[in-house]
Number of protein chains: 2
Amino acid sequence: MTRRGQYAKGAAKRAEILAVALDVVAEMGTRKSSNREIAARVGLTQPGLMHYFRTREDLFVEVLRARDARDHEQFYSPDQGFQGFLDVIAHNATVPGLVRLYVEYSAEATIEGHPARAYFEERFAWVRALVIESVESEQAAETMGTGVDVPYVADLMIAAADGLQVQWLLDPSIDMAARLSRLWEGIRATSWTPIEA
Amino acid sequence: MTRRGQYAKGAAKRAEILAVALDVVAEMGTRKSSNREIAARVGLTQPGLMHYFRTREDLFVEVLRARDARDHEQFYSPDQGFQGFLDVIAHNATVPGLVRLYVEYSAEATIEGHPARAYFEERFAWVRALVIESVESEQAAETMGTGVDVPYVADLMIAAADGLQVQWLLDPSIDMAARLSRLWEGIRATSWTPIEA
DNA sequence: GTCTATAAAAGGATAGAC
DNA sequence: GTCTATCCTTTTATAGAC
C-alpha cells in the first residue's frame, strides 16, 4: 500500500458515502436519515463515518457541492443559453434523493445561524448568475428580446424550478423540465417589458 | 364556571398555542421547535401541551389548517379573480413563522408514510382548484384570453409562489406579491397558447 | 386541565484502543 | 482508517396524581 493508494481509497470511500447518503435520503427523508443508517450502508459504524465528515451538516453540504460541480461541468457551457438550465432540471428528475435533500435542507437552512445557510446563499447567487448569463447569451444570439428584465426573469425561473420540485416529490409523473421550458417559451414569445424600471 | 365557560377556555388556549407555535417556528425553525419550548411559552409543561394536541404532527397541521380557513374566508371571494391569490401572498409576508412552517414541513411531509403527507396533497388540490377558478373567472370577465392552458398556469403560479418563499426566507426584502403579480400580468398580456394540447 | 415523574428511544459527538 | 464504548443531550409520549 503506497501513500497514494491510501489516499485513493479514502477518496473512493468518501464518494461512496456521498452516493449512499442520497439513497438513504430518498427513502427516509433528510430528517430520518441518521448518521448511523448511512454508516451502516457503507459498512461502517457511525464513528467510522465521522472520520470522513466531521459533522452531519458537512456531509449534506458536501453532497450538494458535488452535485453543483458535476452540473456545472456537465451541463453549463458558455454559449448554450437557457438549455443548460433545463438539462439540469431534467437530470434532477433521475435523482430523487438529490431533489429531496435540496428541498428539505434549503428550507431548514434559511434559519438564522444554521451551519448550511451560507452555502445556500452562495449557491443561490451562483445559480442566479448562471441563469442571467444564459438569458443574456440568448439575447446576444437574438433568440430573446432585449426588453425583458433579466434578473427578474432569472429569479422567477429559479423560483418556479424550486416550487416544481415539491410538486414533483408529491407526484413524480409531472415533467419539471417541460413545464419550465414552456414558461421560458412564454417569456420569449412576448414583448414582455418590466413594470418598474 | 359553567360547562360553556370551560369549553371557551379550552378553545382560547388552543388558539393561543397555535399562535405561539408560529412564533417559535419563526425563531428556531420547525426542526428545533420542540414541544417543550412551545409549551413553556404558553405557560404549560410539555405533557400539558399534549392535552391539546395528541402529537406534534397534529399541532403543526392544525396551525396550517387554521391558516387555510382564515385565508379562504378573508381573501377568496368567488368573483375577485386572481387578486385573492395575490392578497394571500402579501399577507404571508407578514407572518414569517407561517412561511417557514409551510416551506419546511411541506418538504419533509412528501416522504412516503409521513403523517402530514395527506394534508399537503389535499391542500395542493384545493389551492389548485381555487387558482383555476380565479383564472376562469378572469376569462369570463374577459380580462384574460381563453387561449391559455388554465391548469398549467395554476400549477406554475403555485410553484413560483412556493419557490419565492424560500428566496424570501433568505432575503425578506423581496416582494413576493409584486413578483407574482408581474408574472400574472405577463401571462395576461400575451396570446400565450399551450405547446401541447 | 395540568402537573410530576418517567419511560424509552435515538440522536450526534468524542476518547482512546487497535 | 475503523472500531468499541460511552457520554450527554434531547426528543416525544405515557401513566397516574391532583
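Just so it is clear: chains get the letters A, B, ... in the order the sequence lines come, proteins before strands, and each one is counted from 1. As the structure is a prediction and not an experimental result, all values here were calculated from the model. For the numbers below, each heavy atom of this structure counts, side chains included, while hydrogens, waters and symmetry mates do not.
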task: Nearest-nucleotide wise, let me know which of A:L44 and A:R36 is further upstream toward the 5' end of DNA chain D.
output: A:L44
- line: Whole-Å distance, A:N35 CG to D:dC7 C1', equals 16 Å
message: Nearest whole Å is fine: how far is C:dT2 P from B:I38 CD1?
response: 16 Å
message: Taking only side-chain N and O atoms of B:H51, does any of them lie within less than 4.0 angstrom of OP1 or OP2 on C:dT2?
response: no
- request: Rounded off to whole Å, could you give me the CZ-to-C1' distance for the A:R56 and C:dA10 pair?
  value: 12 Å
field: Atom-to-atom span, NZ of B:K13 to P of C:dC3 - whole angstrom
entry: 8 Å
- prompt: Below 4.0 angstrom from OP1 or OP2 of C:dA10, is there any side-chain N or O of A:S34?
  reply: no
- prompt: B:L59 has an atom CG; how far is it from atom P of D:dA13, in whole Å?
  reply: 11 Å
query: Is B:T45 touching bases, backbone alone, or none of the nucleic acid, heavy atoms closer than 4.0 Å?
result: base
- prompt: For A:Q139 and A:T146, does a side-chain donor sit closer than 3.5 Å to a side-chain acceptor?
  reply: no
statement: Assign each of B:P47 and B:A11 the nucleotide of DNA chain C bearing its closest heavy atom; nearer the 5' end lies the nucleotide of B:A11
task: Specify the residue among A:L49 and A:R31 whose closest nucleotide of DNA chain D lies further upstream toward the 5′ end.
output: A:L49
- prompt: Expressed in angstrom and rounded to an integer, what is the separation of B:Q46 atom CD from D:dT12 atom P?
  reply: 7 Å
- request: Give me the one residue out of B:V150, B:D149, B:I187 that meets side-chain contact (heavy atoms from CB on, under 4.5 Å) with B:V135.
  value: B:V150
- request: Evaluate ring pair (Phe, Tyr, Trp, His ring centres under 6.0 Å) for A:Y119 paired with A:H114, printing each intermediate quantity in order.
  value: CA-CA 10 Å; A:Y119 162 75; A:H114 191 287; over 10 Å; no
- prompt: Does A:K9 have a side-chain nitrogen or oxygen under 4.0 Å from the phosphate oxygens OP1 or OP2 of D:dT2?
  reply: yes
- prompt: Taking CD1 from A:I17 and C1' from D:dG1, how many angstroms apart are they, rounded to a whole number?
  reply: 11 Å
message: What I want to check is whether the side chains of A:T110 and B:R100 have a donor and an acceptor closer together than 3.5 Å.
response: yes
